Amino acid sequence: MNKGNQLYEGKAKKVFETGDPDLLIVSYKDDATAFNGLKKGTIAGKGVINNKMSNALMRMLEKEGVPTHYVKELNDRDTLVKKVEIVPLEVIVRNISAGSFAKHYGVEEGVVLAEPTIEFSYKNDSLGDPLLNEYHALALKLATREELDAIKKYAFKVNGILKKFWLSCGVTLVDFKLEFGRLADGSIVLADEISPDTCRLWDSETGKKLDKDRFRRDLGGLEDAYREIMARLEQKMEAAK
Ligand code: TMP
């Protein structure tokens, strides 16, 4: 399948048409941004890692019964996906306090939450992705009640599967962001990516951050952290073969 017209260029990916109206190609870049695009940089090799990691995790989730947009990895940076209409919500699941949660609620980073939490942001860069609740999402017609129920069910299921997988790699899944889309038949599937850009992943022993917080917070060792987390995943996948 070859790339057709470029439909869209985001902060970390480009999206292309294909010969099939139901399929798109996403192409992962090395570009990184934070704070709604205010901070810009590149992380060499990130696009390849995020592409391969996201695909491996989506294949795992599909096997466990979570529908996703994933179709086929085409090469190091490009993946064939089902065309979806993105639900304009960032769906964030947290197991441990960190980032904006720690700041909003005055909790130190690293506190294990009594239960996993879910929150939604309105995916709208010009508004700075404001937090909203389910009533807001319904009022703004961003999603239907049925869609929100499906999204919550899948998001917690993804959390259970990924938490267990990362733990087996010696990594703690602190929190992550998901996006969902509607297929042509209206059904909800997991879309976008699952990568160190969209998850907080801490070494279970040392607490070392193996994710994009190294870029957001200028911690250095970016490329190494991305390579290390990918190596952990690949080792586990190899062992499971
Ligand atoms: P937060 O603590 O900054 O709200 O981030 C929660 C999780 O969501 C964290 O794993 C990073 C991820 N995330 C994104 O993927 N995209 C974003 O734009 C933001 C703000 C967070």
Side-chain angles (χ1 to χ4, degrees), residues 9-13 26 28-41 43 46-47 49-51 53-54 57-58 61 68-69 86-113 115-133 142 151-152 154-156 158-163 165-167 169 171-181 190-204 207-219 222 225-226 229 233:
E9 176 161 7
K11 294 178 193 130
K13 298 188 284 299
V26 292
Y28 286 74
K29 307 189 286 182
D30 287 348
D31 299 347
T33 66
F35 315 117
N36 200 15
L38 238 55
K39 183 180 169 81
K40 288 191 177 70
I43 305 174
K46 171 173 87 78
I49 288 173
N50 285 10
N51 182 40
M53 182 179 294
S54 190
L57 296 176
M58 294 244 182
L61 293 169
T68 77
H69 71 164
I86 288 285
V87 176
L89 294 173
E90 300 207 339
V91 180
I92 294 162
V93 177
R94 300 178 192 268
N95 297 304
I96 293 179
S97 67
S100 67
F101 184 96
K103 198 167 149 201
H104 284 147
Y105 303 114
V107 209
E108 256 181 74
E109 283 209 321
V111 176
V112 178
L113 304 178
E115 287 195 33
T117 68
I118 194 164
E119 70 202 40
F120 303 100
S121 300
Y122 182 16
K123 199 173 142 59
N124 184 318
D125 280 342
S126 57
L127 298 175
D129 297 341
L131 271 175
L132 47 62
N133 68 31
L142 305 181
I151 286 171
K152 283 187 291 182
Y154 291 143
F156 282 120
V158 168
N159 186 42
I161 296 164
L162 294 187
K163 210 161 61 169
F165 172 73
W166 282 119
L167 197 64
C169 303
V171 172
T172 302
L173 177 62
V174 173
D175 57 30
F176 57 93
K177 185 265 298 180
L178 301 176
E179 294 182 25
F180 291 86
L190 182 61
D192 194 50
E193 68 180 275
I194 309 175
S195 73
D197 276 20
T198 63
C199 303
R200 285 196 175 93
L201 299 160
W202 295 352
D203 182 288
S204 304
K208 183 180 174 192
K209 296 183 199 312
L210 299 172
D211 58 58
K212 194 175 152 189
D213 265 354
R214 303 203 76 83
F215 171 76
R216 296 188 188 99
R217 302 177 186 193
D218 291 323
L219 299 177
L222 279 169
Y226 274 73
I229 193 74
L233 176 140

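Being a predicted model, the structure only gives us computed values, none of them experimental. Indexing begins at 1, ligand by ligand and atom by atom, following the structure's order.
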Electrostatic pair Lys29:Asp31 at N-O distance under 4.0 angstrom
yes
So that I can tick it off, tell me whether Asp197 and Lys46 are bridged by a salt bridge, with the cut-off set at under 4.0 angstrom between side-chain N and carboxylate O.
yes
Nearest candidate to atom 16 (N) of ligand 1, where distance is taken over non-hydrogen atoms, out of Lys177, Glu193, Lys123
Lys177
Donor-acceptor side-chain pairing of Arg216 and Thr33 below 3.5 angstrom
no
If you count heavy atoms of other groups shown closer than 6.0 angstrom to NZ of Lys103, is the number above 12?
no
May I ask whether Arg94 places a heavy atom under 4.0 Å from ligand 1?
yes
Quick look: Asp197 vs ligand 1, heavy-atom contacts under 4.0 Å, and the answer is backbone
Answer yes or no: does atom CZ of Phe35 have more than 12 heavy-atom neighbours from other residues, nucleotides or ligands under 6.0 Å?
yes
Quick one: which of Lys212, Arg200, Glu119 has a heavy atom closest to atom 3 (O) of ligand 1?
Arg200
Could you tell me whether the side chains of Ser204 and Thr172 share a donor-acceptor contact shorter than 3.5 Å?
yes
Flag the pair Arg217 and Glu109 as a salt bridge only when some basic side-chain nitrogen lies within less than 4.0 angstrom of an acidic carboxylate oxygen.
yes
Output yes when the distance from some N or O of ligand 1 to some N or O of Asp175 is under 3.5 Å, and no in every other case.
yes
Is Ser121 touching ligand 1 with its side chain, its backbone, both, or neither, if touching means heavy atoms under 4.0 Å apart?
neither
Taking 4.0 angstrom as the limit and counting only heavy atoms of Phe176, give me the atoms of ligand 1 inside it, by number and element.
10 (O)
For Asn124 and Ser126, which I'm curious about, is there any donor-acceptor pair between the side chains at under 3.5 Å?
yes
Region of Arg216 engaging ligand 1 - heavy atom pairs below 4.0 Å
side chain
Protein contact for atom 20 (C) of ligand 1 (heavy atom, distance under 4.0 Å)
no
Residue Cys199 vicinity, atoms of ligand 1 by number, heavy atom under 4.0 Å
10 (O)
In the protein, what heavy atom is nearest to atom 18 (O) of ligand 1, and what distance, to one decimal place, separates them?
Glu90 OE1, 3.8 Å
Closest to atom 1 (P) of ligand 1 among protein heavy atoms sits Ser100 OG, 3.3 Å
Indicate yes or no: does Asp218 engage Lys39 in a salt bridge with an N to O separation below 4.0 Å.
yes
Note: ligand 1 atoms sitting under 4.0 Å from heavy atoms of Gly99 are 2 (O)
